[in-house]
Number of protein chains: 2
Amino acid sequence: MGTKQVSGLSAAEQADLSRADSLAREIFSDVANKWAFLIIETLGDGVLRFSELRQQVGGISHKMLTQNLRMLERNGLVERTVYPTVPPKVEYRLTEPGQGLRATVDTMCAWTHKYITDIESARQAFDS
Amino acid sequence: MGTKQVSGLSAAEQADLSRADSLAREIFSDVANKWAFLIIETLGDGVLRFSELRQQVGGISHKMLTQNLRMLERNGLVERTVYPTVPPKVEYRLTEPGQGLRATVDTMCAWTHKYITDIESARQAFDS
DNA sequence: CCGTATCCTTCATGATACTG
DNA sequence: CAGTATCATGAAGGATACGG
C-alpha cells in the first residue's frame, strides 16, 4: 500500500493506482481503530441489538457506538435492521465483507494472545 | 476478548483473566490505529531510517511518527538502533512480535484489496 | 429503545523552534 | 539527522436532554 512508483504502466493506470491507494488509505483510517475492531469482534457471526452490543463491547459511550456503527454501515461492513415497533428494536450483524475483516481482527486477537507476555515485559523494560 | 464472565474458575483465575483482558485491550488501543499499521506495513522486513520512513509512509508529521515509533518500541514491536555519528543516524526494524503483527496487517491489506470496490459502492449508496 | 443534537471538556495533532 | 518541547487550534469524546 505504499505510494511507490510502478514502472511499465500508463499514466491512466498510474492514476488509477493512486486513486485506489488513496481510497485504501481512507478505508484504513476508518476501520483501523480500536472501537471498530472491538465492535466487529463482538458482533462475530451473531446478531445483536444496540444496547446488547454496547454492553458486550464494554466501556464504549452511546455516542461512540453510534458513530462507529454508522461508519461501518457506510462502508458496507455492518447491516442494520430496524423493526418499527414501540419501543423500536434495531439489530446489527456483519455483512460478508464485514466477516472478511473479522477474520483479520481474529488473527490480531490471536497475535495479542501469543505475544502478550513478551509485550508486557517489553513495556516494563522500556518504562525503566 | 469480551469482558464476559466465565464460570468454573476461581476468583484469582477470574482476576487473572480480567487483568489479561484489560492488558489486551490496552494493546488494542495502542496498536489498532492507522499510523501504527501504516508504519508496520512500510517497515516490512526491511530497515529504514527515520526520514526514509517518514517519506515512505507519506502524509505523517514528524511528531506523529516519533510518537508512534516510541509506542511501538515500548511494546517491543520495533527495534531502534542509534549510530552515534555526526549527524546521527537511527534505524528502525520490526522485531519478531512486530513481524507477527505485520502478518495481520498484511491480511488487512489483502482484505482491502479484495473488497475495495464493494466498499466504494456501499459508500456511494449510503451517501445518497 | 434508539438516534440525534447540543454543549463542554479534554486530548490529539500540526507548526515551529531549539538541542545534541 | 533525529529528538524534544512549546504553543495554538481543531477534533474527539463524554454527558445530557429531547424526539421518533
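Residue numbers start from 1 in every chain, and the chains themselves are labelled A, B, ... in the order their sequence lines are given, proteins ahead of strands. Only heavy atoms go into these numbers, but all of them, side chains included; no hydrogens, no water, no symmetry mates.
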* Asked: Which is true for A:Arg70 with a 4.0 Å heavy-atom rule: it touches a base, it touches only sugar-phosphate, or it touches nothing?
  -> sugar-phosphate

* Asked: Could you give the CG-to-C1' distance, from A:Asp30 to D:dA12, as a whole number of Å?
  -> 15 Å

* Structure fact -> Winner on side-chain proximity to A:Tyr92, out of C:dG3, C:dC1, C:dT13, is C:dG3

* **Intermediate values then yes/no, salt bridge (Lys or Arg N to Asp or Glu O under 4.0 Å), B:Arg49 and B:Glu52** => CA-CA 5 Å; B:Arg49 300 183 59 170; B:Glu52 296 169 333; 5.5 Å; no

* **A:Val90, nearest nucleotide to its side chain (from D:dA2, C:dT13, C:dG3)** => C:dG3

* Asked: Which whole-number value in Å describes the distance from A:Leu69 CG to C:dT4 P?
  -> 11 Å

* Structure fact -> When rounded to the nearest 0.5 Å, the distance separating CG of B:Leu43 from CG of B:Leu69 is 7.5 Å

* Starting at the 5' end of DNA chain C, which residue's closest nucleotide do you reach first, A:Thr66 or A:Pro88? -> A:Pro88

* Asked: Roughly how many Å is it from CZ in B:Phe50 to P in D:dC1, rounded to a whole number?
  -> 12 Å

* May I ask you to check if A:Lys89 and A:Tyr83 form a cation-pi contact, with NZ or CZ under 6.0 angstrom from the six-membered ring centre and within 45° of the axis? => yes

* Could you state the CD-P distance from B:Glu91 to D:dC1, rounded to the nearest angstrom? -> 15 Å

* For B:Gln55 and D:dA2, what is the distance between atoms CD and C1' respectively, to the nearest whole Å? -> 15 Å

* Asked: In whole angstrom, what separates A:Leu53's CG from C:dG3's P?
  -> 10 Å

* Structure fact -> A:Leu48 CG to C:dC2 P, in whole Å, measures 11 Å

* Asked: Rounded to the nearest 0.5 Å, how far apart are CZ of B:Phe126 and OG of B:Ser121?
  -> 14.0 Å

* Asked: Using a cut-off of 4.0 Å on non-hydrogen atoms, how would the nucleic acid contact of B:Arg54 be classed: base, sugar-phosphate, or nothing?
  -> nothing

* State whether B:Arg49 places a side-chain N or O below 4.0 Å from either non-bridging phosphate oxygen (OP1 or OP2) of D:dC1. => no

* Would you kindly check whether a donor in the side chain of A:His62 faces an acceptor in the base of D:dG14, or vice versa, at under 3.5 angstrom? => no

* Any B:Ser51 side-chain N or O less than 4.0 Å from OP1/OP2 of D:dA2 -> yes

* Structure fact -> When rounded to the nearest 0.5 Å, the distance separating CD1 of B:Ile39 from CG of B:Asn68 is 4.5 Å

* Asked: Under 4.0 angstrom, heavy atoms only, what part of the nucleic acid is A:Tyr83 near: base, sugar-phosphate, or nothing?
  -> nothing

* Asked: So which one's nearest nucleotide on DNA chain C is more toward 5', A:Lys63 or A:Arg80?
  -> A:Arg80

* Whole-Å gap separating P (D:dA11) and CE (A:Met64) -> 14 Å

